[in-house]
Amino acid sequence: MKLALTTSLCFFQLSSISKAINSTEIPVKEKHARRIILGTHREKGAFTFWSYALGFTFPNSSILCWKFCHVLHKILRDGHRNVLQDCMRHYSSLVEIGEIWGNLHDRYGQLVTLYSKLLCIKLKFHAKHADIPANLEISDEGLERAAGTDINNVFQLSVEVFDYMDAELRLAETVLRQLNSSLAMTTLTSSQCRLAPLIQVIQDCSHLYHFAVKLLFKLHACLPADTLQGHRDRFHDQFHKLKNFFNRAREMIFFKRLIQIPKLPESPPNFLHAASLAKHVKPVVVIPNEDEPEMQDDDDDEPEPLIEVDSFTTSSVQAQPQVSFVECDSFLSGRDLQIETLKRELELLRAELERVKGEAQRYITQLKSQINSLEAELEEQRAQKQRALVENEQLRMELEATRRRNTEHEKRAQATEQRYNKLKEKHTELVASHAELLRKSADTVKMLSVTQQTQEEVERTKQQLTFEMDRVKQEADMKMEEQRFEVERVKRELEEKMAEVTRIKATLQSSEKTSEHMNSSMTALQAEKERLMRSVSEKEAELSSLRQTAQLQQSSLQQERDKTSRELGELQGKLKEKTSQEEMMKQKLLEEQFALLQGTITEAETIIQDAIAKLDDPLHIRCTSSPDYLISRAEAALGSIDKVKRGHADYLRNMSDAGTLLRSLTQFSHLTADTIVNGSATAHMAPTDHADKLTENCRSCGTQSLLFLREMKSKATLQKADPATIRIIIQKILHLGQELRPKGLDVRQEELGDLVDKEMAATSAAIEEAVRRIDEMMNQARKDTTGVKLEVNERILFSCTDLMKAIRMLVIASTDLQKEIVEGGRGAATIREFYAKNSRWTEGLISAAKAVGWGATEMVESADKVVLHTGKYEELIVCSHEIAASTAQLVAASKVKADRHSKKLTKLQQASRQVNEMAANVVASTKTGQEHLEDKDTMDFSGMSLIKLKKEEMESQVSHGQNFCELFITSLVRFNLFSLTLSPLSSGESVRIGEHARQ
């Protein structure tokens, strides 16, 4: 009965395999998968599964392959531990499935390829790390033991875990992408067929994520952070992909009833801090236990053997003594039906058993035939061994006989020596002929080196000739070496024989004591003598054959020498042909180079003509430039003229290479045109005399440049072309630009550093003097004024004093920041060299320092006039605004090269804000004092007549018009002054202030 039950269970397992793995696009039913997994535990392996699965036609259906991979993934995770070993035996079949569907364009085929790769990686990983089960459920201590203490093994294990995770995520992303592209719903069976394997993927990924976190923290505890930068980047990429996958799967209805997906943290762990390991929580995937009744469909499943026959014992019958006959009949009929079913299955299994026995008998017969063949081979080997022993004994006897050969070998050695001498003479002749050939080869090389263009081909010809000579020489040397080796071998054999003869003589002398032994020895010596005679005859035959071989070699060497002579003649003919071709190519090259030169000159003429045209272009009148930029362009143009002269000289020496001249002409045309255009733009802002001279020189420069290019364009005038006239004109333009430079820039760069320190010191002194004078004015005002005037004067002077103190703190902070910038940026250079290198920045500092000092002095003067009632309050307000603007300029000049995170820069900015607040206080106190002191009584027009009112209105209108004209004129003057103030600070850029002022 147990055999029948086992057979029935095996039948149900095969039935479940056939129903789970088919070409229908529906997900694998859980009950079928569970039966297959139970079957692996029952038979302690996957033999039945693979024996049935190998019969599938995988190349015909991608859906069948997909469901096969799904079932295999399930039994790897939940099946018996021996399943892994059985699957490894069929690893090649799994690889073949992936390769087949990887070459076909099919949606399921792409998924099958990725799934097969994932299963291959899984098999290799768990086969290599046997301590980690296929379901990846292992404790942290077990993971530590599997990783080991060697950091190299931990590093390798982490890389393998990353590869494992990449394969899982790649499969999941592809499945979800296909569902998105087809807009499929998860409630459809076709979508569920794709999504069902992702449950195992989610289970694997949760464990692999935990493994990766543990291993990376262990690596960071032993290795530097820079070494593991690649590991961290790869983990972060996988973390975001896994989190996205979990979030998308959690939203699908299909997964909500089948699996509880864990939530990952918002950000990946910080492996640079070991304390972050305590915050890590292992993600746990939960599969809900749903006791769903399995519906038995007639077309789906056979009834399972849920009732065991052995379970109906006497005790169970006694437990129900009052059962009715109807119930017993139904029970017996069901039992008979089950027995009939088991009998039919038993018959099937018996037939299968007979078939297996027949196959086993056939295998036994084949093995017996193989055993018989192996035994026959063994007997043959034994016979060969016996024959080898006999041959070995014969060879030993021949060796002992050969040792007695002495006289014949001496003669043979003499003959061999003579043959060696002859061969040596032949070798000397070959060496002489080789030397002659080398001399001819040298002559050939000299002839081949006539032209530069054919040098490579001639070199190849020379190499071929040398190779032929070397080959002939090597063959001769090899043959001579073979003969020499043969002679040396014969000598060695002769020496060995002589030594053996000496030992044999000693033996013979000792054997003369007994006559009987002597007679036998003589008989043996006689036989040996005969054998030696035969050997001598054989050696003479060998010598004759060697002599014939040497003659054949000599004839072959003569033939090779003749062949080499013929090839040399052919090479000389080819050399003459190449020489004529080279002359033609050289002439063609000269023409092409001159054509390139003409094209370049034409383009240069176009560029310069365009620049000349801009001199008279009305639109170009609005363009302006600075003298400094004109000077830089003129100096660059002078340098390009020198390059043109060198390129011209090089081209005249070698007209086959015009590259240098072409580059220099291109640069010359662009720089000359740039000089002409910028000279015209500079003339728009220059005085009339300088503007006329500059425009005329620019026009002359363009004209002379066109004349020079025209001479360069013709072969007749190419040699006498000279750009000296252009150089003179550009030097005049350079001189005019230097005359137009602002005078403030005449300070030498070596003095800039000292000038900065002087100006900062002068500014500090001016502020100290301003504070002292304000104190004096305060004391004088207390003596001379009383009441409201004294209160107003004290408030104004107090605010001025606070402003001066804030400016002093600003200057000190700016000086400290300036020193920090110089020390941090000068490197190995001196302070003066740093200031000279950064001259624009230095000039800005100087200008800002001068403005601050001048503003402080003017403010003191204005405050003195206000206190003495000889000045206006508006002057003091304007001075306050001017000081605020000057300090802002100083701060801006200091911030240009400062570090953003510098503490001294922060201090400077705080001081600047303090100056602005104090300047605002000065303006406020000044306006308040002005309001207190001015008479604000309104005019009384009630007593005037109508005519007087009209007269007053007309006078007020006239006064208003005059004031408006004065205001406009003053604003225009102020704007021009502001433009002149900015022009030295922007010497490298085009300034259009004058035009805007005219508008």
Side-chain angles (χ1 to χ4, degrees), residues 598-641 643-644 662 664-713 721 723 725-742 972 975-976 979-980 982-999:
Q598 288 181 330
T600 304
I601 292 174
T602 303
E603 186 66 24
E605 289 176 346
T606 303
I607 294 172
I608 294 178
Q609 287 172 357
D610 181 67
I612 295 174
K614 289 183 179 179
L615 294 175
D616 301 325
D617 190 356
L619 298 177
H620 189 257
I621 296 175
R622 299 170 62 88
C623 299
T624 58
S625 180
S626 65
D628 286 334
Y629 189 69
L630 175 62
I631 291 171
S632 65
R633 294 295 87 196
E635 291 175 349
L638 290 175
S640 67
I641 291 174
K643 292 181 180 179
V644 168
L662 294 178
S664 59
L665 281 175
T666 303
Q667 184 183 19
F668 165 75
S669 61
H670 284 284
L671 293 176
T672 303
D674 201 6
T675 303
I676 294 171
V677 172
N678 283 280
S680 175
T682 305
H684 295 160
M685 292 187 64
T688 305
D689 295 339
H690 289 80
D692 294 340
K693 292 180 181 179
L694 193 56
T695 304
E696 185 63 29
N697 285 325
C698 289
R699 197 182 304 278
S700 300
C701 179
T703 304
Q704 293 298 325
S705 298
L706 291 176
L707 291 175
F708 170 70
L709 292 175
R710 197 173 295 113
E711 291 177 353
M712 291 285 293
K713 200 172 183 180
T725 308
I726 304 174
R727 172 186 290 277
I728 295 172
I729 297 174
I730 293 179
Q731 287 177 349
K732 291 180 180 179
I733 295 174
L734 178 63
H735 181 68
L736 288 172
Q738 292 174 350
E739 290 181 355
L740 292 172
R741 291 182 66 185
L972 184 61
F975 187 81
N976 290 330
S979 302
L980 294 175
L982 289 179
S983 60
L985 300 178
S986 58
S987 59
E989 302 177 356
S990 298
V991 181
R992 300 193 178 110
I993 295 176
E995 182 181 351
H996 289 299
R998 288 192 295 270
Q999 293 177 355

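All values derive from a computational prediction rather than experimental measurement.
No donor-acceptor pair closer than 3.5 Å links the side chain of His690 to the backbone N or O of Leu736. Using a distance-only test at 3.5 Å, with no hydrogens or angles considered, no donor-acceptor pair links the side chain of Ser680 to the main chain of Val677. A donor-acceptor pair under 3.5 Å links the side-chain atoms of Ser669 to the main chain of Thr666, judged by distance alone.
Scanning both residues, His684 and Cys623, for their nearest heavy atoms gives ND1-O, 2.7 Å. Residues Cys701 and Ile726 approach most closely at SG-CG2, 4.3 Å, considering heavy atoms. A pairwise comparison of heavy atoms in Asn697 and Ile729 identifies O-CG2, 3.2 Å as the closest pair. A pairwise comparison of heavy atoms in Gly737 and Pro627 identifies O-CB, 3.4 Å as the closest pair. Contact record, Ala721 with Met712: CB-SD, 3.7 Å, taken as the closest heavy-atom pair. Closest approach of Ile608 to Ser705, counting heavy atoms only: CD1-CB, 3.6 Å.
Here CD of Glu605 is found 13.5 Å from CG of Asp610. Values are rounded to the nearest 0.5 Å. Note: Leu665 CG to Ile607 CD1 = 10.5 Å, rounded to the nearest 0.5 Å. With values rounded to the nearest 0.5 angstrom, Gln609 atom CD is found 9.5 Å from Leu709 atom CG.
Considering only heavy atoms from C-beta on, Asp689 stays 4.5 Å or farther from Pro687 through its side chain. You'll find the side chain of Phe708 stays beyond 4.5 Å of the side chain of Ile601, heavy atoms only. Considering only heavy atoms from C-beta on, Leu740 stays 4.5 Å or farther from Leu630 through its side chain. When side chains are defined from C-beta on, Thr602 counts as touching Lys713, because their heavy atoms get closer than 4.5 Å. Put simply, the side chain of Cys698 reaches to within 4.5 Å of the side chain of Leu615, judged on heavy atoms. The shortest distance between side-chain heavy atoms of Glu739 and Leu694 does not fall below 4.5 Å.
A donor and an acceptor atom, one from each side chain of Gln731 and His735, are nowhere located under 3.5 Å apart.
Of the options Asn678, Leu734, Thr682, Ile733, a side chain to side chain contact (heavy atoms under 4.5 Å, CB included) to Ile631 is made by Leu734 and by none of the others.
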Worked verdict on Leu707 versus Thr725 for side-chain contact (heavy atoms from CB on, under 4.5 Å): CA-CA 10 Å; Leu707 291 175; Thr725 308; over 6 Å; no

